[in-house]
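Every chain is numbered from 1 and lettered A, B, ... according to where its sequence line falls, protein lines coming before strand lines. Hydrogens, waters and symmetry mates are skipped; everything else that's a heavy atom, side chains included, is used.
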Number of protein chains: 2
Amino acid sequence: MPGNRQARSSGKTKTFERIASSIRDSILSGELGPGDRLPPETELARRFGVSRPTLREALKALEALDVLESFTGPSGGTFVSTPDSFGIADHLASSLVLLFGAEKVSLEELWVARETIEVRAGELAAGRRTERDLEAMLGVIEEDEGKDYASYFPDITFHRTIAEASHNRLLSLFMLAVHMTLASIARDYVIPDAKELSQRQHRLIYEAILLKDGALARRRIQEHLEMAYSVYQGAVRRRSRELAARG
Amino acid sequence: MPGNRQARSSGKTKTFERIASSIRDSILSGELGPGDRLPPETELARRFGVSRPTLREALKALEALDVLESFTGPSGGTFVSTPDSFGIADHLASSLVLLFGAEKVSLEELWVARETIEVRAGELAAGRRTERDLEAMLGVIEEDEGKDYASYFPDITFHRTIAEASHNRLLSLFMLAVHMTLASIARDYVIPDAKELSQRQHRLIYEAILLKDGALARRRIQEHLEMAYSVYQGAVRRRSRELAARG
DNA sequence: CCTCGGCAGTTTGTCTGACCAAAGATTATA
DNA sequence: TATAATCTTTGGTCAGACAAACTGCCGAGG
């Protein structure tokens with residue numbers, strides 16, 4: 001019977017894990033930095049005293065974590081990756097989708113977290129936005145108004161410009177991850193069109209940030225997300241009913 | 001010259017990546033669920049039409065992502081992992097430490113994100129806390145007062161009880177990740193003792209949550225974190241001066 | 001002299017086949 | 001029946017080889 005995994009993890013460290021940890025530690029300690037090239041696999045295998053397949057299992061594990069990357073050829077080899085916000089957000093989103101699937105996080109929790117982060121990002125944006133930020137936001141607003149979109153998540157682009165304007169790259173990362181998670185979960189939902197209301201609210205949010213009114217930005221983003229949540233939730237409920245009726 | 005990695009990613013998909021994606025998709029689509037056992041490696045290799053080492057590279061990549069886990073023995077095999085908040089937060093924290101090291105996120109951004117999440121968690125906690133939550137918080141407060149700690153991050157336990165009391169597992173996850181990141185960055189800093197002030201503020205926060213006063217909880221957590229940030233920042237600056245003087 | 005094309009070398013990618021180690025299942029034994 | 005030795009299944013590791021990708025050199029031709 002599978003499932004009693006906690007009982008099995010009895011301290012044993014597999015060889016490839018030992019090596020992966022070793023390399024990982026070299027990076028954490030600064031001994032290896034982004035862009036650095038590792039020795040060839042045969043050389044590394046020799047140094048660690050293991051075979052090449054085993055060494056490669058360690059390398060592939062670190063590649064999966066976006067810590068290393070490899071290329072063929074003489075100028076190739078294995079390199080330490082440059083950390084990248086988008087990749088981190090992407091991985092995080094994948095994990096959150098799984099967590100959602102296991103019912104260890106609910107749709108409501110996701111939306112509350114989204115609201116928490118976006119509201120604050122908007123407040124910060126009102127205080128820190130540059131002229132360039134405003135241009136970007138307005139550009140997205142006008143582009144969206146011209147589009148005839150069917151999907152629900154096109155307006156995410158606008159929300160991302162808010163995050164950018166907050167000039168907090170960690171809040172941006174969290175926000176991106178939550179957006180990707182919600183988009184992934186809702187992939188095949190039919191989301192009703194709330195285009196016009198949504199776009200009106202986008203302009204109101206833009207206005208608040210333009211005026212540098214943080215409190216107003218908070219309120220308007222909150223209101224906008226409440227609307228969006230009710231629309232999203234409605235689609236989820238409809239979907240559930242459909243599935244219940246069919247099955 | 002290494003570093004021109006964007007030019008190299010020319011669409012080629014390596015075999016082990018193809019297989020990892022295939023298995024990953026089976027999980028995302030629900031075809032494979034947590035606890036499910038995969039066929040033996042030789043069988044899997046045969047099905048995918050690859051050799052066992054190549055297959056194993058794919059499996060090890062997914063193990064590194066905490067998506068799969070494997071055990072030896074007749075009852076062993078490769079299993080789909082149960083997603084786990086703590087593991088996700090841990091991975092996220094590792095990535096954030098790297099991101100910080102690459103100067104793609106600053107200490108200030110980390111603290112603003114921490115404040116954003118904790119303030120909101122406290123507000124939510126004030127509205128949703130149960131008797132059990134209150135007991136847990138008080139227990140930690142009293143335990144901390146009895147401890148003679150040297151490290152700066154002992155009071156993180158209290159902050160975690162706030163997150164728990166918010167009953168939002170995603171905010172808890174984010175909070176944990178940010179805490180672990182800050183703790184990892186500050187590992188060898190000498191943090192001055194702000195024990196008594198900190199503990200007084202903890203009691204005030206507890207009181208606000210006890211009274212179900214969300215606005216008050218917000219203000220008090222904000223104040224507490226501002227104090228903590230100034231202490232932390234002072235330690236970082238002192239550390240920088242030391243390093244500058246030495247080098 | 002310069003340019004272009006192919007050859008050689010380096011490095012990762014993949015394969016074959018085998019043996020080792022761990023741990024539950026079985027069976028022989030007291 | 002209880003227990004210990006053995007079996008069997010499964011992942012863990014190893015060795016060596018060849019293929020593919022790519023750079024850099026070098027020679028042929030202009």
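Classified by interplanar angle (parallel below 30°, tilted 30° to 60°, perpendicular above 60°), the ring pair B/F79/B/F71 is tilted.
Rounded to whole Å, atom P of D/dG12 lies 10 Å from atom CZ of B/F71. B/K14 has its NZ atom 8 Å from the P atom of C/dT14, to the nearest Å.
Take the nearest nucleotide of DNA chain D for A/G73 and for B/L38: the residue whose nucleotide is more 5' is B/L38.
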- List the steps, then state whether salt bridge (charged side-chain N to carboxylate O under 4.0 Å, His left out) holds for B/E242 with B/R238. CA-CA 6 Å; B/E242 285 174 9; B/R238 187 169 342 101; 5.7 Å; no
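The side chain of B/F16 sits closest to C/dT14 out of C/dT14, D/dC22, C/dG24.
A distance of 11.0 Å separates CE in A/M137 from CD in A/E164, rounded to the nearest 0.5 Å.
DNA chain C lies under 4.0 Å from at least one heavy atom of each of the following residues of residues 41-62 of chain A: A/E41, A/R52, A/R56, A/K60. Contact check of residues 17-27 of chain A against DNA chain C (heavy atom, cut-off under 4.0 Å) returns no residues at all.
Phosphate proximity of C/dG13 to A/S70: present, with a side-chain N or O under 4.0 Å from OP1 or OP2. When the side-chain nitrogen and oxygen atoms of B/S75 are compared with OP1 and OP2 of D/dT10, none of them lie within a distance under 4.0 Å.
Here the shortest heavy-atom pairing between B/L96 and A/L170 reads CD2-CD1, 3.8 Å. B/L110 and B/F100 get closest at one heavy-atom pair: CD1-CD1, 4.2 Å. Between A/H167 and A/A165, the shortest heavy-atom distance links the atoms CD2-O, 2.9 Å.
Among residues two or more places apart in sequence or in another chain, the ring-ring contact (aromatic ring centres under 6.0 Å, His included) test is passed with A/F174 by B/F174.
B/E41 and B/T78 share no donor-acceptor pair across their side chains, judged by distance under 3.5 Å alone.
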